[in-house]
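I have placed the structure first, in the form of structure tokens, so that the comments after it can refer back to it.
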Amino acid sequence: LKQLEREGRPASNDEQAVLARYVGWGHTGLSKIVDLRGDGRLDPKQQEARQQLERMLTKDELRELGESSVNAHYSFSELPRAMWAIAQRLGFKGGTILEPAIGTGHFFGTMPRTILTQKRTRLFGVDKEPIAAAIAKQLYQTASVQAAPLQGAMVPDSFADLVISNVPFGNYKVFDPAFVSQERTVMTRSIHNYYFAKSLEATRPGGILILITSRYTMDSQSDAARMYINKRARFLGAIRLPQEAFRKTAGTDVVTDIIVLQKLEAEAPALGYVPAIPWLESVERDELGMVADREGNPEAISTNQYFVDHPEMVLGKESREGKMGRAQAYTVEGTDAERGVAPEQLAAAVATFPTGVYRDSKAPPRKVATEQRADTKQGSYVLDKGKLYVYDKGTLAPVELTGASLARAKDFLPVRDAYQSVLDILMSVGTDADLTAAQRVLRSTYDAFVSKHGPVNKPENARIIHADPNGPRV
């Protein structure tokens with residue numbers, strides 16, 4: 001990876017095969033090597049590996065590896081394939097796809113070819129861990145991959161047809177200045193619920209979300225997060241995975257859920273009462289016995305009513321024996337410890353989802369914004385191969401202009417760019433000759449616009465020009 005970055009070139013097929021072997025640092029046998037906050041007790045092999053990393057990586061890259069290791073649990077291939085099967089069953093055949101916790105791109109790598117080869121398919125990914133994100137960029141070279149925490153990534157609202165991912169999960173808060181209202185803060189109290197909230201924002205109405213998450217999204221005794229989701233999306237179903245599902249890839253036993261949602265066309269209206277919706281309810285399971293809380297006091301096990309009503313969606317035997325941080329806790333023991341999840345059980349669960357509920361978007365697909373200026377402003381007009389778009393957080397959205405309005409917008413761009421060139425020279429150390437040449441170009445482009453469309457302050461011109469964030473000053 002470092003060699004490719006030094007040489008500034010894409011990976012060859014052989015190099016991609018090497019990069020694809022990267023599994024992250026979330027496995028319990030690896031995380032200690034990159035945990036700079038740990039007690040420092042490394043065995044000789046771990047110490048040697050740490051020293052190798054210190055020679056290859058910057059301090060920031062090594063720190064990010066350590067901080068992300070708690071969630072660097074990559075999905076084994078059967079789970080992504082099952083989730084793609086759900087998407088296809090719902091009616092998804094291709095479109096704009098977002099993977100908000102991409103890792104090295106396992107979901108892109110297991111995507112059915114019938115979806116990948118669709119002309120309208122566009123791939124977008126985000127990951128906080130820079131090494132994984134850089135590898136994903138090399139493995140999926142036509143995708144747009146950002147190395148950034150989700151709260152700092154450029155992700156447009158209502159643009160994705162499908163969001164599919166294994167989200168990070170844990171009982172720790174996320175700060176996002178866009179989520180400070182009383183209603184939204186309930187989704188920042190745990191990282192997994194925050195990813196649901198952000199994914200919902202990124203999904204267009206009618207779009208699909210298929211996410212692996214902590215069981216506590218479904219089982220938490222507080223229904224606040226589920227109420228937030230239910231206001232914005234239709235719950236299509238869920239699959240509870242056994243504790244062994246991530247044993248091989250992450251070295252950990254943990255019960256997780258695949259949750260499937262369809263974003264509503266509009267938020268559900270506020271009601272004076274809460275209707276009885278099973279998936280919103282977490283109920284005590286007396287038949288499973290009692291467990292100890294964090295203080296050692298007995299408490300009943302609570303699980304989501306949906307799984308009580310649909311035991312076929314629980315892929316294993318529910319019990320109170322498990323290795324989940326406490327001596328006794330709720331768990332699901334799988335029937336196929338070797339493979340983690342029994343394929344026949346998984347296939348049967350997938351087959352319960354409804355068919356044909358997804359409809360293709362009528363809007364033209366967005367393009368990945370490439371080779372834009374670093375200071376390209378949100379909402380700017382962008383001309384790409386003769387077509388006009390609006391820049392939206394790393395994507396190019398087709399403009400809704402036709403005829404004379406479209407011609408005005410296209411002809412305005414040379415004026416805008418020439419004006420910006422003059423400003424750049426005035427604000428830098430450009431020479432007088434540079435300034436004179438830039439002013440000459442500005443005069444020429446301005447005169448050409450006026451001769452064709454009239455003065456820039458003419459109402460029909462001003463309306464188009466002011467839609468660009470740099471338009472008013474021009």
Side-chain angles (χ1 to χ4, degrees), residues 95-96 120 122 124 144 154-161 177-178 181 201-207 263 265-267 360-428 430 432 434-474:
T96 299
R120 62 181 177 272
R122 304 284 189 276
F124 296 84
S144 172
M154 294 190 299
V155 179
D157 294 340
S158 301
F159 90 111
D161 298 302
S181 68
E201 285 195 340
T203 307
R204 69 165 178 86
K263 188 171 179 179
E265 294 294 331
E267 288 189 7
D360 288 334
S361 173
K362 294 181 180 179
R366 298 188 183 208
K367 296 184 64 174
V368 177
T370 57
E371 299 180 5
Q372 298 303 313
R373 290 170 54 110
D375 60 351
T376 298
K377 293 182 179 179
Q378 178 73 3
S380 295
Y381 291 135
V382 174
L383 197 63
D384 186 87
K385 296 180 180 178
K387 293 185 178 180
L388 190 66
Y389 299 87
V390 172
Y391 179 82
D392 184 13
K393 296 182 179 178
T395 68
L396 299 180
V399 298
E400 297 179 357
L401 297 174
T402 58
S405 295
L406 179 60
R408 287 187 176 92
K410 285 185 174 182
D411 292 339
F412 161 69
L413 296 190
V415 183
R416 180 199 66 184
D417 296 343
Y419 180 74
Q420 185 62 50
S421 294
V422 171
L423 291 182
D424 290 344
I425 292 170
L426 289 173
M427 296 175 68
S428 65
D432 289 343
D434 293 334
L435 179 60
T436 299
Q439 288 173 327
R440 189 179 300 115
V441 173
L442 175 58
R443 170 58 64 183
S444 174
T445 56
Y446 177 82
D447 288 345
F449 182 91
V450 171
S451 67
K452 188 173 181 179
H453 303 290
V456 293
N457 59 355
K458 186 178 176 181
E460 49 265 54
N461 290 334
R463 178 175 58 84
I464 299 299
I465 292 172
H466 281 227
D468 185 284
N470 285 325
R473 66 179 183 178
V474 174

Atom CZ in Arg463, atom NZ in Lys458: separation rounded to 0.5 Å?
12.0 Å
Non-hydrogen atoms of Val399 and Val390 that approach each other most closely:
CG1-CG2, 3.4 Å
List in chain and number order the residues that pass side chain to side chain contact (heavy atoms under 4.5 Å, CB included) with Thr395, two or more places apart in sequence or in another chain; answer none if no residue qualifies.
Phe124, Pro156, Phe159, Arg366, Asp392
Using every non-hydrogen atom in the two residues, find where Pro398 and Pro364 come nearest and quote the distance to one decimal.
CG-CG, 3.6 Å
Only pairs under 3.5 Å count here: list side-chain donor-acceptor contacts from residues 436-445, not counting sequence neighbours, and write none if there are none.
residue, atom, partner, partner atom, Å
Thr436, OG1, Asp432, O, 3.0
Thr445, OG1, Val441, O, 3.1
Thr445, OG1, Leu442, O, 3.0

Please list all pairs passing the ring pair (Phe, Tyr, Trp, His ring centres under 6.0 Å) test where one or both residues lie in residues 451-474, with sequence neighbours left out.
Phe449-His453
Report the distance from atom CZ of Phe412 to atom CG of Asp417, rounding to the nearest 0.5 Å.
8.5 Å
If you measure from CZ on Arg204 to NZ on Lys263, what distance do you get to the nearest 0.5 Å?
10.5 Å
Partners passing side chain to side chain donor-acceptor pair (under 3.5 Å) against Lys410 (at least two apart in sequence or in another chain):
none
For Leu423, give me all partners under side chain to side chain contact (heavy atoms under 4.5 Å, CB included), at least two apart in sequence or on another chain.
Tyr419, Gln420, Arg473
What residues, two or more places apart in sequence or in another chain, satisfy side chain to side chain donor-acceptor pair (under 3.5 Å) together with Lys452?
Asp411
State whether the side chain of Lys377 and the backbone N or O of Pro469 hold a donor-acceptor pair below 3.5 Å, judged by distance alone.
no
Check Arg120 with Asp161, please: is the shortest side-chain N to carboxylate O separation under 4.0 Å?
no
Rounding to 0.5 Å, atoms CG (Leu401) and CD1 (Ile464) come to a distance of 5.0 Å
Would you say Asn461's side chain and Pro455's backbone share a donor-acceptor pair under 3.5 angstrom?
yes
What closest approach, in Å, do Leu388 and Ala409 show between heavy atoms, and which atom pair accounts for it?
CD2-CB, 3.4 Å
Side-chain contact test, heavy atoms from C-beta onward, threshold under 4.5 Å: evaluate it for Asp468 versus Val474 and give yes or no.
no
Could you check Val456 against Tyr446 for side-chain contact (heavy atoms from CB on, under 4.5 Å), going step by step and ending with a plain yes or no?
CA-CA 9 Å; Val456 293; Tyr446 177 82; 3.8 Å; yes
